[in-house]
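These notes are about the structure you will find just below.
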Amino acid sequence: MKGAREYAQLFRTGQDGRFYLVSGKHARGLAFHLQILPESEEAISNGDNNLCLNKNAVEVYGVIGGQRGWTESYGWLYRGSWEEDFERMVDEAKEERRIERENKIEEGIQKARKDQKRIRLLLDTYPNIK
């Protein structure tokens with residue numbers, strides 16, 4: 001859904017510091033919610049698709065419009081300094097994904113080189129008959 005896809009793909013449901021992130025999905029797409037927990041409070045999980053059960057947690061990012069499950073759009077419910085901290089988390093997660101992609105590409109290149117070397121060595125051992 002609008003405003004949820006990118007974040008839901010970057011994060012898994014769980015606590016990160018004072019943030020509780022919910023990366024969920026439903027029949028029509030991905031969902032993402034962000035709650036702020038009171039300082040030093042551990043989140044009480046309520047499954048991968050649900051907000052935590054902590055009574056004093058505040059949802060700061062979630063559904064801002066549309067019909068839930070059909071056309072909802074996501075955005076900031078409350079504005080504040082947590083937006084900058086969350087954006088730092090997003091940037092770090094994106095950088096980790098970029099490095100993972102680069103490593104997979106490099107691993108593929110190394111494997112292809114190794115395979116080519118193996119093939120070349122095998123074919124070079126075939127007798128040259130005239």
Side-chain angles (χ1 to χ4, degrees):
M1 307 319 298
K2 295 178 188 172
R5 182 172 314 177
E6 177 187 8
Y7 298 148
Q9 291 173 335
L10 283 175
F11 300 107
R12 290 191 171 147
T13 297
Q15 184 172 354
D16 188 332
R18 291 185 62 189
F19 289 141
Y20 188 76
L21 304 98
V22 179
S23 294
K25 58 184 175 180
H26 52 67
R28 300 238 180 248
L30 298 175
F32 184 80
H33 302 269
L34 178 65
Q35 292 174 284
I36 296 181
L37 295 158
E39 200 167 349
S40 302
E41 189 168 316
E42 292 293 318
I44 303 167
S45 179
N46 188 24
D48 286 343
N49 285 326
N50 302 308
L51 298 172
C52 70
L53 295 173
N54 301 59
K55 292 179 183 177
N56 292 321
V58 175
E59 183 179 10
V60 294
Y61 189 93
V63 176
I64 58 170
Q67 185 177 358
R68 288 182 185 262
W70 291 88
T71 61
E72 76 261 20
S73 57
Y74 291 78
W76 292 104
L77 301 167
Y78 297 97
R79 308 303 293 225
S81 60
W82 50 84
E83 292 176 69
E84 292 174 18
D85 291 338
F86 181 68
E87 283 305 314
R88 271 192 291 278
M89 285 178 58
V90 168
D91 291 343
E92 289 170 8
K94 285 180 179 179
E95 180 65 11
E96 288 173 14
R97 298 298 185 286
R98 186 190 64 74
I99 291 169
E100 288 172 6
R101 280 191 307 274
E102 285 181 0
N103 288 342
K104 284 183 181 181
I105 290 169
E106 183 60 30
E107 288 171 10
I109 291 169
Q110 294 300 326
K111 183 182 181 312
R113 286 181 182 154
K114 186 177 177 181
D115 288 346
Q116 285 298 314
K117 184 177 179 182
R118 178 188 56 79
I119 290 168
R120 202 171 337 131
L121 288 171
L122 179 113
L123 295 178
D124 286 348
T125 63
Y126 193 84
N128 191 359
I129 300 174
K130 294 187 180 191

Point to revise | Between CG on residue L53 and OG on residue S45, distance to nearest 0.5 Å | key: 7.5 Å

Practice item. Take D91 and R88, measure what salt bridge (Lys or Arg N to Asp or Glu O under 4.0 Å) needs, and give me the verdict at the end. Key: CA-CA 5 Å; D91 291 343; R88 271 192 291 278; over 6 Å; no

Any side-chain heavy atom of [X] within less than 4.5 Å of one from [Y]?
X: L122; Y: R118; result: no
X: V90; Y: L10; result: yes
X: K117; Y: L121; result: yes
X: E106; Y: I109; result: yes
X: E107; Y: Q110; result: no

For [Y], does its backbone N or O pair with a side-chain atom of [X] as donor and acceptor, under 3.5 Å?
X: E6; Y: A8; answer: no
X: Q15; Y: A43; answer: yes
X: T13; Y: S23; answer: yes

For [X], check salt bridge (charged side-chain N to carboxylate O under 4.0 Å, His left out) against everything at least two apart and list the hits.
X: E92; value: none
X: K111; value: D115
X: R79; value: E83
X: E95; value: R98

Point to revise | Pairing residues for K25 by the side-chain hydrogen bond (donor to acceptor under 3.5 Å, both in side chains) criterion, not counting sequence neighbours | key: none

Review point. Do you see a donor-acceptor pair shorter than 3.5 Å between the side chains of Q9 and Y7?
Key: no

Linking I/L/V/M/F/W/Y whenever their side-chain heavy atoms sit closer than 4.5 Å, directly or via other members, would [X] and [Y] fall into one cluster?
X: I64; Y: V58; value: yes
X: Y74; Y: L77; value: yes
X: V63; Y: W82; value: yes

Practice item. Assess whether side-chain contact (heavy atoms from CB on, under 4.5 Å) is satisfied between D85 and M89, documenting all intermediate values. Key: CA-CA 6 Å; D85 291 338; M89 285 178 58; over 6 Å; no

Exercise for review: In sequence, state the C-alpha distance, the side-chain angles, and the governing distance for R12 and D48, and then conclude on side-chain contact (heavy atoms from CB on, under 4.5 Å).
Suggested key: CA-CA 8 Å; R12 290 191 171 147; D48 286 343; over 6 Å; no

Review point. Ring centres of F86 and F11 under 6.0 Å apart?
Key: yes

Check your understanding: Below 6.0 angstrom between ring centroids: does that apply to Y78 and Y61?
Key -> no

Exercise for review: Let me see the working for Y20 and L51 under side-chain contact (heavy atoms from CB on, under 4.5 Å), right down to the final yes or no.
Suggested key: CA-CA 8 Å; Y20 188 76; L51 298 172; 5.8 Å; no

Using a 3.5 Å cut-off and no angle test, enumerate the donor-acceptor pairs between side-chain atoms of residues 32-41 and protein atoms at least two apart in sequence or in another chain.
| unit_1 | atom_1 | unit_2 | atom_2 | d |
| --- | --- | --- | --- | --- |
| H33 | ND1 | E59 | OE2 | 2.6 |
| Q35 | OE1 | C52 | N | 2.9 |
| E41 | OE2 | N54 | ND2 | 2.6 |

Review point. Looking only at heavy atoms, which two atoms of L21 and D16 are closest? And how far apart?
Key: CD1-CB, 3.9 Å

Check your understanding: Does atom CD of E42 have more than 12 heavy-atom neighbours, drawn from other residues, nucleotides or ligands, at distances under 6.0 Å?
Key -> no

